[in-house]
Amino acid sequence: TKANLIVPLEEIATEQELDELANWMLPNARRLTEYGEHWMGICNGLDVRALYYNRSFLSRRQLAAPNSLDEFEAIVAKLSPSNQERDPNYFTFLPDSRRLWAWAIVFGGGFQEPNTHSVSVNSAANIEALAWMQSFAKRYGTDALAAFRNADQSLPGKAFPLLPTQTDSEIGRYVFVMDGQWRIRDIEKFAQSRSNKNLPAIEFGVCPLPNPAGGKANAGWLNGNFFVVPRGAKQSRGAFEFMKFWIGYENESAAAKTCAAGGWIPVSRHVIEHPRMIEYVKEHPLFQVFLDLARSPNQISYPNIPRAESIRREVNQAVFRCMNDVKLSPQEVLDSLQTRWKQVQEAGAR
């Protein structure tokens, strides 16, 4: 905003138009482009993360998708009792160092002070979430995790690591993987490929991230894609009209068709509830979980604060260090980061 590169929509549309549009959009989609009292653009599609799992693998062991973090931990313990006994070809689950943004919310934390542009890194819930993520390194050893993670990157075509890569295998590299709605297509292609080869079907499921007692249900981190109007655009009003058309405002049918064709999460319940989207979900039932999560007030984006990209990068680096050095204290790491960013924000406010 200080650089004045983007036109706030209040300069393009009337207050009534924006109020009506705000009521039409999902609150999560609306919040993604808020900065203070300004609309800095329009979200045109949401991305949500959830927990995919190998349903067939669990069922054969009389296990089901977890409804809480305690249940999830019990499954992980049962399938991976120790590093020595663990099958070397797979892990039940490993947290991604870039996903404290999700787990902190699940644990009841967050990264932005309510109703302000102040960063909040070291809440008790954030520290607890980071300690839980670090516990996997303590359980299995940092060297084992680093080697396994590095091998993920060499999968052909960056294949979804939940899926078996060998025709005679019932399991991929994980039993559970956090990922977004776009992975549904990978699963469906995999299922069709096995069917074409007359191989036994493997069923997969998806569920919300399991929360601890005192945490938040249906919680996590979401983001999306956006339209913005650059300062100096010659047809800013025309751009606004195109934005509304694309997201389906007063045109739910076209947007439902587009979202169904692309496997995208609409930004309005009016599009989600359109018959074309309802039919799409019947054909792709795993998608329903992501649509439900898109409406949850506990799905939170990156903080809308100055220098957000810098704080995102530094949080990720701090988590990576903790997960690769079990001697580090999650509280001390996040306390240090909080102190640094308070100083940065105070200097920027002068």
Using modelled atom types only, decide if a donor and an acceptor are shared between the side chain of N23 and the backbone of D19 within a distance under 3.5 Å. yes

Quick one: are I247 and L21 in side-chain contact, heavy atoms under 4.5 Å? yes

Does anything in residues 319-338 form a side chain to side chain donor-acceptor pair (under 3.5 Å)? List the pairs, not counting sequence neighbours. N122-D335

Side-chain heavy-atom pair L291, I265 within 4.5 angstrom cut-off: yes

Taking side chain to side chain contact (heavy atoms under 4.5 Å, CB included) as the test, write out the residues that go with S310, two or more places apart. R307, R313, W341

Does the distance from a Lys or Arg side-chain N to an Asp or Glu carboxylate O, for K244 and E241, drop under 4.0 Å? yes

What pair of heavy atoms forms the shortest contact from L26 to I272, and how long is it? CD1-CD1, 4.0 Å

What heavy-atom pair brings A137 and V326 nearest, and what distance separates the two atoms? CB-CG1, 3.7 Å

Using 30° and 60° as the class boundaries, would you call the ring planes of F93 and F72 parallel, tilted or perpendicular? perpendicular

Minimum heavy-atom separation for V271 to M277, with atom names? O-CG, 3.2 Å

Taking side chain as C-beta onward, heavy atoms only, is V319 less than 4.5 Å from M323? yes

Distance-only, no hydrogens or angles: does the E17 side chain make a donor-acceptor pair with backbone N or O of T14 under 3.5 Å? yes

Using the rule that two of Ile, Leu, Val, Met, Phe, Trp, Tyr join whenever any of their side-chain heavy atoms come within less than 4.5 Å, decide whether L51 and L286 are in one cluster. yes

If you measure only the distance, is there a donor-acceptor pair under 3.5 Å linking the side chains of E20 and Q16? yes

Check whether any side-chain N or O of E128 sits under 3.5 Å from a backbone N or O of A124 as a donor-acceptor pair, and report yes or no. no

Using only atom types and a distance under 3.5 Å, with no angle test, would you say the side chain of R61 pairs donor to acceptor with the backbone of K78? no

Kindly give the heavy-atom pair with the smallest separation between F226 and C43, and that separation in Å. CD2-CA, 4.0 Å

For the ring pair F57 and Y90, is the centre-to-centre distance below 6.0 Å? yes

Report yes if the side chains of F176 and I75 come closer than 4.5 Å at any heavy-atom pair, otherwise no. yes

Does A22 have any side chain to side chain contact (heavy atoms under 4.5 Å, CB included) partners at least two apart in sequence or in another chain, and if so, which? R30, W39

Do N196 and S193 have side-chain N/O donor and acceptor atoms under 3.5 Å apart? no

Hydrophobic clusters here meaning ILVMFWY residues chained together by side-chain heavy-atom distances under 4.5 Å, can you tell me if F111 and V106 are in one? yes

Could you go through R312 and E309, starting from their C-alpha distance and side-chain angles, then the distance that decides it, and tell me whether this counts as salt bridge (Lys or Arg N to Asp or Glu O under 4.0 Å)? CA-CA 5 Å; R312 182 198 67 81; E309 176 57 24; 2.6 Å; yes

d(R183 CZ, E188 CD) to nearest 0.5 Å is 13.5 Å

Is there a path of hydrophobic side-chain contacts, each under 4.5 Å between heavy atoms, that joins M40 and I300? no

What class does the angle between the rings of F204 and F190 fall in, given that below 30° is parallel, 30 to 60° is tilted and above 60° is perpendicular? perpendicular

Sequence neighbours left out, cut at 3.5 Å: what donor-acceptor pairs do the side chains of residues 205-223 make with other protein atoms?
from : atom 1 : to  : atom 2 : distance (Å)
N223 : OD1    : R49 : NH1    : 2.9

Main chain of G41, side chain of T33: is a donor-acceptor contact present, judged purely on distance under 3.5 Å? yes

For V177, the option from L162, D96, N54, L94 that meets side-chain contact (heavy atoms from CB on, under 4.5 Å): L162

Please find the pair of heavy atoms, one from Y52 and one from G180, that lie closest to each other, and give the distance. OH-O, 2.7 Å

Can you check side-chain contact (heavy atoms from CB on, under 4.5 Å) on L46 and L32, steps first, answer last? CA-CA 9 Å; L46 290 167; L32 279 171; 3.5 Å; yes

Residue list, side chain to side chain contact (heavy atoms under 4.5 Å, CB included) with S120, at least two apart or on another chain: E113

Spell out, as yes or no, whether a donor-acceptor pair under 3.5 Å connects the side chain of Q288 to the backbone of V281. no

Should the pair F136 and Y140 be assigned to parallel (<30°), tilted (30 to 60°) or perpendicular (>60°) ring geometry? tilted

Side-chain donor/acceptor of Q134 to backbone N/O of L328, under 3.5 Å: yes

Donor-acceptor pair, side chain of R194 and main chain of P200, under 3.5 angstrom: yes

Measure up the F242 and F227 rings against each other and bin them: parallel (under 30°), tilted (30 to 60°), perpendicular (over 60°). perpendicular

Kindly compute the distance separating CD (Q181) from CG (L293), expressed to the nearest 0.5 Å. 10.5 Å

With a 6.0 Å cut-off (strictly less than), is the heavy-atom count around CD of E283, excluding the residue itself, greater than 12? yes

More than 12 heavy atoms of other residues, nucleotides or ligands under 6.0 Å from NZ of K342: is that the case? yes

Heavy-atom count around W132 CH2 within 6.0 Å, excluding the residue itself: above 12? yes

So how far is it from Y174 OH to T92 OG1, rounded to the nearest 0.5 Å? 11.0 Å

Using atom types as modelled and distance alone, determine if a side-chain donor or acceptor of H274 lies under 3.5 Å from a backbone N or O of R276. yes

Answer with yes or no after comparing the ring centroid distance for Y280 and F287 against a 6.0 Å cut-off, counting only values under it. yes

Just wondering, do M178 and R99 contact through their side chains at under 4.5 Å, heavy atoms? yes

Less than 4.5 Å apart, side chain to side chain, heavy atoms only: is that true for M133 and L100? yes

I need the M243 CE to I42 CD1 distance, nearest 0.5 Å. 5.5 Å

In short, V333 meets C322 closest at the heavy-atom pair CG2-SG, 3.7 Å

Start with the C-alpha gap between R139 and V76, add the side-chain angles, then the distance that decides, and say whether side-chain contact (heavy atoms from CB on, under 4.5 Å) holds. CA-CA 11 Å; R139 184 181 309 175; V76 172; 3.0 Å; yes

For Q166, look at atom CD and say whether over 12 heavy atoms of other residues, nucleotides or ligands are found less than 6.0 Å away. no

If we count only N and O atoms by modelled type, under 3.5 Å, do the side chains of R98 and N316 hold a donor and an acceptor together? no

Within the side chain of N225, is there an N or O that forms a donor-acceptor pair under 3.5 Å with the backbone of N44? no

Do the numbers put R173 on top of the ring of F91, so that NZ or CZ is under 6.0 Å from the six-membered ring centre and no more than 45° off the axis? no

Quick one: side chain to side chain donor-acceptor pair (under 3.5 Å) pairs with a partner in residues 251-265, sequence neighbours left out? W24-E252

